[in-house]
Protein chains: 2
Amino acid sequence: MGTTDTGHQPDGAGEKQSAPRRRADAERNITAILDAALVCFTEQPQASMTAIARTAGVGRVTLYAHFPSREVLLEAVLDHTITLASAVIDTAAPNEGPAVDALSRLLHISWHVLDRHRRLFEIAQRELDPAVLRQHHDQAMSRVEQLLIRGQQEGAFRTDLPLNWLVTTVYSLLHAAAADVNTGHLKQNTAADVLEATLLPALRPPQATVRRRRRG
Amino acid sequence: MGTTDTGHQPDGAGEKQSAPRRRADAERNITAILDAALVCFTEQPQASMTAIARTAGVGRVTLYAHFPSREVLLEAVLDHTITLASAVIDTAAPNEGPAVDALSRLLHISWHVLDRHRRLFEIAQRELDPAVLRQHHDQAMSRVEQLLIRGQQEGAFRTDLPLNWLVTTVYSLLHAAAADVNTGHLKQNTAADVLEATLLPALRPPQATVRRRRRG
DNA sequence: CCTAAGTCGAACACATATGTTCAGTTTAGG
DNA sequence: CCTAAACTGAACATATGTGTTCGACTTAGG
């Protein structure tokens with residue numbers, strides 16, 4: 001029979017090699033598709049399957065052989081990216097040392113990765129099933145969220161605003177910086193510093209600013 | 001002759017009543033379409049012409065009679081919204097009093113309007129001609145930009161980061177707050193306060209925070 | 001080297017969106 | 001009240017996207 005359709009388990013979460021041992025070129029094409037889809041989706045959300053196949057350098061039929069629908073592909077890309085991003089984020093050792101320093105490391109190392117993830121998530125948000133999104137969302141946000149909680153406990157980050165809002169603030173400015181780099185308004189190498197200079201004052205407890213010697 | 005096609009000048013910028021005096025119902029439908037398009041576009045960027053016509057309560061043909069293409073409609077909506085938004089923004093008297101207070105007024109009065117405008121602009125950004133966008137963009141951003149410049153001159157806002165970035169920061173957090181209100185994470189009435197509490201520290205000159213008595 | 005796994009382009013069915021045309025109906029407004 | 005302006009649904013042409021099927025070709029890998 002012509003096409004493949006071997007059940008397609010493109011290294012989902014825990015790379016369980018259950019049944020269908022794939023051939024080497026199939027494996028190679030899958031990763032090529034995943035990479036191409038990542039690029040295409042982040043560049044423009046409405047990227048067609050045709051465009052993705054072309055970018056990956058494979059036929060459209062091959063694409064459908066591995067990912068039977070756009071929805072499946074998008075979810076696979078999301079999953080794949082989260083896995084890669086997590087590894088990069090962990091490089092910054094977000095759980096060690098003062099929270100402020102950890103945040104600084106996180107920003108410098110992975111602002112680019114985090115933004116890519118954010119953009120992907122935005123697409124998924126309006127194309128994927130909300131139920132499926134929830135778990136992806138939680139897994140994605142948790143890294144930054146935990147860091148912020150730790151900072152609050154240390155007294156380094158403010159507690160007068162909802163935690164959720166602080167997370168949103170971080171991601172929002174992260175995205176803004178990435179977008180400005182894209183349009184050329186901001187330089188690659190200064191982005192992290194600008195981001196840090198903007199975020200830290202916004203996250204600091206408001207008392208830290210007001211605490212001025214109450215003299216005449 | 002069936003359809004209308006009277007050259008369609010739906011109150012563009014300076015409402016010049018050049019030649020084609022429109023009938024009352026035509027005028028009424030045009031504003032209905034403009035309103036409907038605004039709602040549809042901001043709710044979901046890919047809204048179809050059919051959906052917009054249905055929302056406006058007019059036939060699809062009527063829509064095309066006034067706005068010969070999706071592109072024209074989008075541009076008209078953008079133009080219309082900017083005009084309306086400008087009026088609301090001016091209510092906050094952004095050029096009077098201390099810049100910090102003016103920003104606070106601006107946020108409380110018009111964060112919602114500004115966000116609506118931002119969303120529209122995002123859509124236009126990927127559907128309209130870049131050249132056309134430029135002027136719209138400048139006209140939109142200028143209000144906030146001028147306020148920030150004034151604040152810098154007063155010494156109330158930081159000058160260690162690019163002005164462009166400060167504008168981006170304001171709009172970015174504005175949008176984030178609006179999105180959080182939409183998802184229910186933030187309450188309508190607290191949004192402006194949260195926004196202000198986050199933005200002011202981020203915009204303040206960094207010296208104000210660091211200025212601490214250098215004691216042992 | 002030989003077979004099954006994989007790939008390929010072409011073509012199909014289907015759905016949806018954009019504009020257009022037409023013929024019939026409503027309505028504003030003098 | 002009467003006419004021209006405006007609205008209407010139905011149907012058309014066109015384009016693009018999705019997902020499938022088919023037959024032929026290539027290649028991995030025992």
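Just so you know, these numbers come straight off a predicted model, no measurement behind them. Chain naming here is simple, since letters A, B, ... match the order of the sequence lines and numbering starts at 1 in each.
Residue contacts for A:Arg60: at a heavy-atom cut-off of 4.0 Å it reaches a base atom on one of the strands shown.
Contact check, B:His66 against D:dC7: a side-chain N or O comes under 4.0 Å of OP1 or OP2. Within the 4.0 Å cut-off from OP1 or OP2 of D:dA6, not a single side-chain nitrogen or oxygen of B:Asn29 is found.
Between B:Val72 and B:Tyr64 the shortest side-chain heavy-atom distance does not fall below 4.5 Å. Under the 4.5 Å side-chain criterion, counting only non-hydrogen atoms from C-beta, A:Pro94 is not in contact with A:Gln146. Two residues are said to be in side-chain contact when any heavy atoms from C-beta on lie closer than 4.5 Å; A:Val77 and A:Ile33 fail this criterion.
Atom CZ of B:Phe67 is separated from atom C1' of D:dC7 by 15 Å (rounded to the nearest Å). Residue A:Arg70 contributes atom CZ, which lies 13 Å from atom C1' of D:dT16 at whole-angstrom precision. Atoms CG (B:Leu63) and P (C:dA17) sit 14 Å apart, rounded to a whole Å. A straight line from CD of B:Glu27 to P of D:dC7 spans 11 Å, rounded to a whole angstrom. Rounded to a whole Å, the OH atom of B:Tyr64 is 17 Å from the C1' atom of D:dC7.
At a non-hydrogen distance threshold of 4.0 Å, A:Ser48, A:Met49 from residues 43-56 of chain A come into contact with DNA chain D.
Inspection of the B:Ser104 and B:Glu196 side chains reveals an N or O donor paired with an N or O acceptor under 3.5 Å.
For B:Arg118 and B:Glu122, the salt-bridge test passes: some basic side-chain N is under 4.0 Å from an acidic carboxylate O.
Looking only at distances, no side-chain donor or acceptor of B:Arg60 sits under 3.5 Å from a matching main-chain atom of B:Thr50. Side-chain atoms of A:Arg116 never come within 3.5 Å of backbone atoms of A:Thr42 as a donor-acceptor pair (strictly under, hydrogens ignored). Checking side-chain atoms of B:Ser172 against main-chain N and O of A:Ser172 turns up a donor-acceptor pair under 3.5 Å.
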Got a list of protein N/O to nucleotides 25-30 of chain C N/O distances below 3.5 Å?
| residue | atom | partner | partner atom | Å |
| --- | --- | --- | --- | --- |
| C:dT27 | O2 | B:Arg23 | NH1 | 3.4 |
| C:dA28 | O4' | B:Arg23 | NE | 3.4 |
| C:dG29 | OP1 | B:Ala24 | N | 3.0 |

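Considering A:Arg22, A:Arg28, A:Arg23 as possible partners of A:Asp25, the one that fulfils the salt bridge (charged side-chain N to carboxylate O under 4.0 Å, His left out) test is A:Arg23.
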